[in-house]
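Basis for what follows: all heavy atoms, side chains included, without hydrogens, waters or symmetry-related copies. Throughout, a chain's letter reflects where its sequence line sits, starting with A, and its residues are numbered from 1.
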Amino acid sequence: MNHNTTITKRDDFQAWFLNKLLMGMTWPEYMRQMITPFNVAAAIILSVGLPLMGLRYIHGLEVVTDASNEYPWGLFLGWGLFAGVPLSATGFVMATAYYIFGFKRYKPLVRLAVLAGFLGYFFAVIYLMTDLGRPWRIYYPMFVGFGTASVLFLVAWHVATYLTVQFLEFSPAILEWLEAGRTRKWAVMITIAMTIAGIILSTLHQSALGALFLLAPAKMHPLWYTSYLPTLFLASSIYAALGMVIVVSTLSAVFLKKRADDHFLGNLNELTIGLGKGTSIGILVYLALKLVSLAHGDAWGLLGTPYGHWYLVEILGFVLLPALILAVGVKKASVGLVRFGGFHAVIGVILNRINVSMVAFNWKLPDHIHDIIPHWQETAVVLSIFTLHILVFRWILVRMPVIYQDQGFK
Amino acid sequence: MSLDRRQFLKTVSVLTGSAVLGPYTSALASGEFHGWPDRYGMLTDFTECVGCRSCEKACNEVNHLPQPEVPFDDKSVFDTQRRPTAHAYTVVNRYENTGDPGKPIYRKVQCNHCNEPACASACPIHAYTKTPEGPVLYNENLCFGCRYCMIACPFYVPAYDYASAFEPRIVKCVMCYDRIREGKIPGCAEACPTQSVTFGKRSDLLKLAAEKIAKDPERYIDHIYGEREAGGTGWLYISGVPFEQLGFSTDLPEKPMVEEVKGFLSSVPVVFTVWPALFGSIYAASRHHEAYTREEMQHQSKEGGKEK
Ligand code: SF4
Ligand code: SF4
């Protein structure tokens with residue numbers, strides 16, 4: 001008798017869980033709705049990139065990266081870590097605004113921001129592990145050897161801790177999805193502590209990513225090398241996060257409209273304008289710091305060189321211009337313009353990180369520009385990881401209460 | 001054991017920020033450390049080098065490195081500029097001699113065994129050690145292959161074994177540490193048929209270099225490369241032509257590279273102690289404000305009700 005109940009219970013659980021995963025559809029139904037142009041494209045990309053990542057375990061890193069003795073770091077870190085981490089400051093910035101500073105009206109976006117942050121860090125670690133020579137030793141800085149004078153040591157610890165913090169911050173959504181009310185209560189209670197921990201860890205590792213390059217003064221172009229690098233990286237991560245919330249919420253509202261509720265869609269236009277305002281102010285603060293660092297570095301003379309022109313393209317076209325677009329958008333209350341400005345600002349931050357980590361680094365070497373153009377293998381692997389990132393993001397958004405509120409847990 | 005514990009406590013204090021209570025101490029980050037007094041170094045005299053590549057050959061043999069693709073007596077390697085690789089600790093390059101075009105200059109390249117090595121400051125796992133004897137050593141058993149040491153080395157020395165799937169490692173000159181311990185001299189210095197590569201105490205080599213320059217100011221330019229560059233290196237160089245003509249970086253800071261990040265590192269404990277207090281109070285204030293507004297609103301709606 002007793003025995004029987006356990007079996008039914010387990011069967012019940014399996015059925016219930018499968019139902020959760022397939023969102024109430026049967027397998028055939030589920031598979032049929034999976035065949036979309038986007039998914040087909042994703043499958044093609046993955047079918048190239050994933051085997052390459054496997055080959056790396058036969059022929060070494062040189063299969064997937066064109067990193068060399070002069071250029072130890074390439075696109076995996078330039079894109080995945082140096083651009084990925086500031087764009088993932090979303091969780092830290094929105095949670096701080098909402099929980100600590102009391103910007104309560106942003107509630108419909110907080111979970112989305114935390115999820116974007118968590119996944120951003122998670123995939124930054126994936127990019128890092130793709131680049132490491134011995135990724136299975138990833139925990140070494142925590143338990144085996146301590147390079148206390150190393151900035152990378154700090155980054156390693158903080159990214160690992162912060163990944164955990166963000167998981168905890170997002171856990172209420174997972175627990176609601178799994179209908180685990182009691183555990184959820186506990187998870188909610190630690191939110192404030194987690195948010196403050198997030199502020200500490202984020203301010204330090206966002207700036208630490210800039211500080212990494214301070215160790216190589218003679219290899220960096222003087223226009224990008226400045227003792228302000230940590231400050232600049234931190235300041236730009238804050239507006240990058242706000243811009244990224246515009247990007248992610250726009251994409252969710254366009255492509256997952258059916259999964260979003262009124263709480264999210266109904267407030268989005270107004271909140272987007274608010275985010276646009278925040279982003280443009282953030283950019284102006286950053287721009288001011290950037291000018292101070294330029295004056296301080298005394299590298300004005302180099303503005304007339306080709307690198308100087310590129311520097312001006314970055315500052316004028318990808319920092320000042322998005323700030324202006326956003327300002328006009330906010331003034332005219334044009335959501336479309338603000339969204340455009342948000343995307344533009346985000347691209348500007350990516351450009352800056354690529355410039356610091358790839359263009360400015362080793363600028364004196366002959367053939368430099370030629371040498372930093374990634375090979376197709378490296379590009380294919382980056383595209384694959386990025387595709388996985390989007391797929392996982394979507395998988396969660398269509399299931400867990402992120403852009404809709406669970407009625408039972410409002 | 002007790003050392004491990006100290007290291008661990010230091011780690012914890014850096015991470016938690018309690019270091020703000022005591023001086024931020026780390027042999028590498030402290031700046032008080034000016035190197036072991038009796039450490040060894042090497043002196044390369046470019047005016048003596050004839051480009052015979054005997055040092056390359058000897059290095060390959062004593063360190064049991066793989067056979068090179070091009071034999072050591074083949075001079076065609078000089079047609080391109082080479083660098084140390086995963087298979088070679090040291091290489092010799094040829095440079096045009098602007099003063100005497102018929103007599104090219106040869107430059108031997110290898111790890112400089114810096115006084116305060118940037119590679120060691122970079123490594124998050126402490127895989128590098130500046131030994132009291134002078135050589136900078138790398139421990140492959142600790143390394144996870146982030147290659148930050150390669151980014152940091154101002155001399156483009158460490159090479160990486162990108163072709164190995166499971167045991168990729170950093171490769172660089174070890175100044176024949178084991179031979180030094182046995183009382184022998186490094187393979188390259190022993191093999192050099194001229195007076196080009198000399199081994200000795202760094203302090204003695206500095207004196208020797210200065211004497212050589214003073215005795216023959218026609219032959220040498222008045223600069224000992226490595227005396228101060230990047231905080232000083234264990235390997236020193238003297239030359240008859242300016243060092244930039246031989247591909248040396250001449251814009252390196254005189255401070256060790258780690259100085260550039262000290263300011264940042266010292267802000268870490270501050271953030272750990274100040275931030276919780278600061279954001280905790282902001283949180284408290286905004287909670288208070290919220291509660292206050294809520295009360296106010298309730299109050300008003302009550303009064304409104306009364307008026308009706
Ligand atoms: S030359 Fe480079 S690898 Fe050698 S000790 Fe100095 S920083 Fe380290
Ligand atoms: S590659 Fe290895 S030795 Fe170099 S910094 Fe990274 S962990 Fe340390």
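Side chain to side chain, A:Glu62 and B:Tyr160 fail the donor-acceptor criterion of an N or O pair below 3.5 Å. For A:Asn362 and B:Tyr156, the side-chain atoms include at least one donor-acceptor pair closer than 3.5 Å.
For residues 71-80 of chain A, the interface with chain B (any heavy-atom pair closer than 4.5 Å) comprises A:Tyr71, A:Pro72, A:Trp73, sorted by residue number.
Residues A:Lys219 and B:Asp251 are not paired through a salt bridge, judged by the lack of any N-O separation under 4.0 Å between the basic side chain and the carboxylate.
Looking at B:Arg83, the atoms closer than 4.5 Å to chain A (heavy atoms on both sides) all sit in the side chain, from C-beta outward. No part of A:Ser227 comes within reach of chain B, as not one of its non-hydrogen atoms sits under 4.5 angstrom from that chain. Heavy-atom distances place both the backbone and the side chain of A:Ser207 under 4.5 Å from chain B. For A:Tyr99, the part lying under 4.5 angstrom from a heavy atom of chain B is the backbone only. For A:Ala156, no part sits under 4.5 Å from any heavy atom of chain B, backbone or side chain. Interface remark: A:Leu212 contributes backbone and side-chain atoms alike to the contact with chain B (heavy atom separation under 4.5 Å). Contacts of A:Ile196 with chain B are made by side-chain atoms alone, with heavy-atom separations under 4.5 Å and no backbone atom involved.
You'll find the side chain of B:Tyr162 reaches within 4.5 Å of the side chain of A:Asn69, heavy atoms only. Using a 4.5 Å heavy-atom threshold, the side chains of A:Leu215 and B:Glu259 count as separate. Counting heavy atoms from C-beta on, the side chains of A:Tyr225 and B:Glu260 come closer than 4.5 Å. Taking 4.5 Å as the limit, every side-chain heavy atom of A:Arg134 sits out of range of all side-chain heavy atoms of B:Cys143. Side-chain contact between B:Ser286 and A:Phe101 is absent, with no heavy-atom pair separated by less than 4.5 Å.
Below 30°, between 30° and 60°, or above 60°: for B:Phe272 and A:His158 the angle between ring planes is above 60°, a perpendicular geometry.
Under the rule for a side-chain contact (heavy atoms from CB on, under 4.5 Å), the partners of A:Tyr98 that lie at least two apart in sequence or sit in another chain are A:Lys104, A:Lys107, A:Val110.
Between chain B and the options A:Ile138, A:Thr195, A:Val144, A:Leu128, the largest number of non-hydrogen pairs under 4.5 Å is found for A:Ile138. The residue among A:Gly102, A:Ser150, A:Gly60 with the most heavy atom pairs within less than 4.5 Å of chain B is A:Ser150. Here A:Ala208 is the residue among A:Pro135, A:Ala208, A:Ala216 with the most heavy-atom pairs under 4.5 Å with chain B.
Other residues, nucleotides and ligands place no more than 12 heavy atoms under 6.0 Å from the CZ atom of B:Arg287.
Taking every heavy atom of both residues into account, A:Leu152 and B:Ala122 meet most closely at CB-O, 4.2 Å.
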